[in-house]
Amino acid sequence: MVENASNNNVSYFDFLDTVVFREWENREAGLLAKHIQRSKLPYTKTIHDFDFSFQPSVSEQRVKETLTRLFINRILLGPPGVGKTHLAISFALEALTQGFTALFLTAEEMVAECRKAESKGTLTRLINRWSRRPDLIILDEVGYFPFDELTANVFFQVVSKRYEHGAMILTSNKSFIEWGKIFGDDVLATAILDRLLHHSVTFNIKGDSYRMKEKKKAGILFRHKRG
Ligand code: ADP
Ligand code: MG
């Protein structure tokens with residue numbers, strides 16, 4: 001770049017300006033890469049990779065409106081394969097791009113982390129970390145199996161503490177009515193939902209699994225019919 005600058009007779013100030021800007025750009029890119037890595041997203045897909053025509057129950061406009069509203073909770077409900085995790089990741093990537101931090105974990109991982117922390121005597125530290133640190137927490141697959149009592153209580157505390165200052169994204173295959181079963185307690189589930197839904201948007205996705213579409217296309221399903 002130095003050679004280029006002297007060849008093109010660029011003023012020292014312009015040269016410095018370019019260097020500083022590039023340095024800033026690199027640092028921003030480095031920081032974003034670090035934040036993406038720390039967020040533990042299972043993969044990176046964006047809204048641009050989402051085929052809205054395949055899933056008409058998801059309003060493209062509503063998703064786009066919500067994309068930049070980083071301080072509200074977003075809850076994605078629906079059967080398997082309809083794109084809940086994909087959309088949750090898209091929301092998370094937008095937040096990360098804007099310089100926020102995020103943490104992705106499944107409900108199963110949350111249970112495992114709670115148990116591990118309890119056995120090590122670090123549960124309070126874990127609750128404090130989840131309550132304050134990442135600007136955004138993405139909790140995936142709520143409802144595939146019930147939370148144990150410990151995790152249900154930790155989750156309630158985290159939701160209560162994050163309330164008003166740190167958004168969450170949840171995906172679930174269960175409707176809200178069934179959340180009592182997930183948390184093993186209707187009163188606790190109601191208290192959790194009360195806080196979660198206060199500043200929130202819910203996407204109720206009803207439709208076919210995208211995974212099935214791909215399998216059908218690849219001829220993996222219904223192959224026996226042809227033979
Ligand atoms: P869910 O979390 O609802 O079970 P996923 O988000 O994991 O479903 O989606 C399953 C796979 O299908 C992923 O690879 C995802 O990227 C893809 N997918 C789902 N819906 C769409 C869609 N409408 N357009 C493009 N890809 C999709
Ligand atoms: Mg999923």
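Whatever order the structure lists them in is the order used to number ligands and atoms, beginning at 1.
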Aromatic ring proximity, centroids under 6.0 angstrom, Phe50 and His86: yes
Check: Phe183 ring centroid to Phe155 ring centroid under 6.0 Å: yes
Heavy-atom donor-acceptor pair, Arg133 side chain to Asn128 backbone, under 3.5 Å: no
Whether Asp140 side chain and Thr171 backbone form a donor-acceptor pair below 3.5 Å: no
What are the two closest non-hydrogen atoms of [X] and [Y], and how far apart are they?
X	Y	answer
Arg38	Leu103	O-CD1, 4.1 Å
Arg74	Leu67	NH1-O, 3.8 Å
Ile169	Phe91	CD1-CB, 3.5 Å

side-chain hydrogen bond (donor to acceptor under 3.5 Å, both in side chains) between Thr101 and Asp135, worked out: CA-CA 5 Å; Thr101 55; Asp135 296 310; 3.2 Å; yes
Protein N/O/S neighbour count - the Mg ion (ligand 2), strictly under 2.8 Å: 1
Sub-4.0 Å heavy-atom environment of ligand 1, residues by chain: Tyr43, Lys45, Asp49, Phe50, Asp51, Pro79, Pro80, Gly81, Val82, Gly83, Lys84, Thr85, His86, Tyr210, Arg211
Pair Glu178, Ser175: side-chain N/O donor-acceptor within cut-off below 3.5 Å: yes
